[in-house]
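Some notes on the structure that comes next.
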Amino acid sequence: MADQLIIFDTTLRDGEQSPGASMTRDEKLRIARQLERLKVDVIEAGFAASSNGDFECVQAIARAVKDSTICSLARANDRDIARAAEALKDAHRARIHTFIATSALHMEKKLRMTPEQVLEQARQSVRFARNLIGDIEFSPEDGYRSDPDFLCRVIEAVIAEGATTINVPDTVGYAVPELYGNFIKNLRERIPNSDKAVWSVHCHNDLGMAVANSLAGVKIGGARQVECTINGLGERAGNCSLEEVVMAVKTRKDYFGLDVNIDTQHIVAASRMVSQITGFIVQPNKAVVGANAFAHASGIHQDGVLKARDTYEIMRAEDVGWSANKIVLGKLSGRNAFKQRLQELGVELDSEAEINAAFARFKELADRKSEIYDEDILALVNDESLSGDKERFGFVSLSQRSETGEQPHAEIVFTCDGREVRSRAQGNGPVDASLKAIEAHVASGAEMVLYSVNAISGSTESQGEVTVRLQSAGRVVNGVGADPDIVVASAKAYLSALNKLQHKGERVPAQG
Ligand code: KIV
Ligand code: ZN
């Protein structure tokens, strides 16, 4: 029988560390439910001790998800670990993931601790954690750049204290596949009690090798857990991408000889959900989930695929969920059909009031757009105006005028602290004029570091999905807005980003 490869998803923890990718509790819950549907083995739901908000997210996910193990990150100290255990109290299956840096550089410059102090702290933390929860993962941060002799001592000690998973992170994305695979192999061979734990890989993508390194850690090193994120979301160049690693192991089972639990048909929906919530667009040529991943443009390829699919296709688009991209609903669809499609898409709205609000938005959209795709529905439920929580700013209406040879101008009505505000401005295009009109009233002074428009479902009839990234006082946030009118979508995205700037939740950085 093939060995099992454990898929550990850290979209909600390491993925969220990506600047601008912070998510609300409801957004995290939606993603966690989708990860459960995907049959992810372990969901790292957050870093409970980093803020009250993170604690509540981990707790809510631990209560809502039944089929996956729920994990919280914790630095190697009693307070963090106790907080993680408290947040995980109601989970069906819980794991604490504790870590401390072990490279000479991190120990000396960041922790200002001696190797012996680090070894002792790692040992005591795992002992403390093990008394609270049976499933303990330990990570030596910057493990790949650590001295192997020292790493062997630390890992042997934490396994002796009861760590059940040992994760070897390539924190800065410095590894190359063969070296990383052999690094793990050597550790496993040298550490006498290495067979008492599951070995795990955690690779960052700074040199574009996170997936290759993870797979080498599995194939050469014998790791049986991969840590990854949907769409490879993560700080800097991101983490190892879940969809790529899973499809590599499935498609090349002849080589890897491993089984994964993942229900791959939910991959595309998960990718879209994460992209729409975070505003991190998936590049069209991205493997597995990019819009062109299964498109054959050249005549020779098209001819080949029509004659026999496997001439140019190594995976079936429908196996990763692309077949879901079809017209699902229209103007005449009723509330029940809408509600059922929401369920099929994995969207659970909390109250009847929210479903009614979403259905009203769906009807409005169906009046303007004859074909409603799954992407439209996902964008619609993503609209923050649906949630009961009152945000500071809300879109009401917009009129703008632009004509060749004349300077465009816009007039926007939006709510600010529950009061309707009307504001006007000129700009060098209708989008610019609309956002300047908002800024004329709000005066946030935030710097726009990204503006992008994407057609949700391909044609000009499609809704435009706009991402706006704002930077202010050292914080970066993404706002996303969707509408058939891209100027309106832009205004919604801008207001959404301003709302996120309002949520100032203090958070301790994981690697701080
Ligand atoms: O990259 C890293 O080292 C991490 C650890 C906290 C596991 O994310
Ligand atoms: Zn990481």
Side-chain angles (χ1 to χ4, degrees), residues 6-19 21-22 42-51 54 58 69 71-77 80-81 83-84 95-107 109-111 118 121-122 125-126 129 135-146 150-151 154-155 158 163-175 180 183-184 187 197-211 213-214 217 223 225-242 245 507-512:
I6 298 167
I7 300 298
F8 174 114
D9 180 278
T10 182
T11 306
L12 300 174
R13 198 281 296 171
D14 221 355
E16 204 209 16
Q17 278 176 225
S18 184
S22 61
V42 186
I43 299 173
E44 188 161 52
F47 172 17
S50 69
S51 69
D54 249 49
V58 175
T69 296
C71 171
S72 171
L73 187 71
R75 285 166 302 185
N77 66 58
D80 270 29
I81 292 170
R83 196 82 179 127
R95 173 181 295 188
I96 292 178
H97 175 191
T98 186
F99 74 100
I100 189 164
T102 51
S103 66
L105 188 65
H106 279 226
M107 290 190 291
K109 303 275 190 243
K110 188 180 80 169
L111 299 177
V118 167
Q121 191 157 327
S125 302
V126 170
D135 184 348
I136 304 298
E137 173 167 332
F138 174 79
S139 288
E141 192 197 352
D142 206 17
Y144 180 66
R145 291 194 304 169
S146 303
F150 178 60
L151 208 48
V154 174
I155 294 176
V158 296
T164 40
T165 300
I166 297 296
N167 178 46
V168 184
D170 176 23
T171 304
V172 292
Y174 181 68
Y180 183 67
F183 189 78
I184 292 176
L187 292 175
V198 173
W199 286 70
S200 167
V201 287
H202 177 113
C203 297
H204 282 263
N205 203 31
D206 299 66
L207 294 173
M209 291 191 280
V211 172
N213 287 335
S214 302
Q225 174 175 286
V226 174
E227 303 202 350
C228 45
T229 60
I230 301 289
N231 300 336
L233 186 71
E235 258 180 302
R236 309 185 308 275
N239 286 56
C240 169
S241 129
L242 179 145
V245 97
R507 185 182 255 190
V508 182
Q511 277 98 343

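Counting starts at 1 for both ligands and their atoms, in listed order.
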- Query: Atom NE2 in His97, atom CZ in Arg13: separation rounded to 0.5 Å?
  - Reply: 6.5 Å
- If you measure from CG on Asp135 to OG1 on Thr164, what distance do you get to the nearest 0.5 Å? 4.5 Å
- Interfacing atoms of ligand 1 (cut-off 4.0 Å, heavy-atom, Ser139): 7 (C)
- Query: Rounded to the nearest 0.5 Å, how far does CZ of Arg83 lie from CG of Asn77?
  - Reply: 12.5 Å
- Query: Judging by distance only, is a nitrogen or oxygen of Thr171 under 3.5 angstrom from one on ligand 1?
  - Reply: yes
- Do the ring planes of Tyr144 and Tyr174 sit parallel (below 30°), tilted (30 to 60°) or perpendicular (above 60°)? tilted
- Which distance, rounded to the nearest 0.5 Å, do you find between the CZ of Phe183 and the OG of Ser146? 6.0 Å
- Work out whether the distance between some heavy atom of Gln17 and some atom of ligand 1 is less than 4.0 Å. no
- Item | Part of Arg13 with heavy atoms under 4.0 Å of ligand 1, whether side chain, backbone, both or neither | side chain
- Query: Which ligand 1 atoms are under 4.0 Å away from a heavy-atom of Asp14?
  - Reply: 8 (O)
- Enumerate the atoms of ligand 1 whose separation from the nearest heavy atom of His97 is less than 4.0 angstrom. 7 (C)
- Task: Give the atoms of ligand 1, by number and element, whose distance to some non-hydrogen atom of Pro169 is under 4.0 Å.
- Result: 2 (C), 3 (O)
- Are Asp142 and Ser103 close enough, and set up right, to give a side chain to side chain donor-acceptor pair (under 3.5 Å), and what steps lead you there? CA-CA 6 Å; Asp142 206 17; Ser103 66; 2.8 Å; yes
- Query: Quick one: which ligand 1 atoms are inside 4.0 Å of a heavy atom on Glu141?
  - Reply: 3 (O)
- Message: For Glu227, state whether at least one heavy atom is located under 4.0 Å from any atom of ligand 1.
- Response: no
- Query: Does His202, backbone or side chain, put an N or O under 3.5 Å from an N or O of ligand 1?
  - Reply: yes
- Message: Out of the candidates Thr10, Asn167, Asn239, only one should pair with Glu227 under the side-chain hydrogen bond (donor to acceptor under 3.5 Å, both in side chains) rule; please name it.
- Response: Asn167
- Query: How open is the angle at the Zn ion (ligand 2) from atom NE2 of His202 over to atom NE2 of His204, rounded to 10 degrees?
  - Reply: 100°
- Note on the structure: Quick note on ligand 1: atoms under 4.0 Å from a heavy atom of His204 include exactly 1 (O)
- Task: Taking the Zn ion (ligand 2) as the reference point, name the nearest N/O/S atom of Asp14.
- Result: OD2
- Message: For the aromatic rings, using the six-membered ring if either is Trp, is the centroid distance between Phe99 and Phe138 under 6.0 Å?
- Response: no
- Item | Check: Gln225/Ser200 side-chain N/O donor and acceptor closer than 3.5 Å | yes
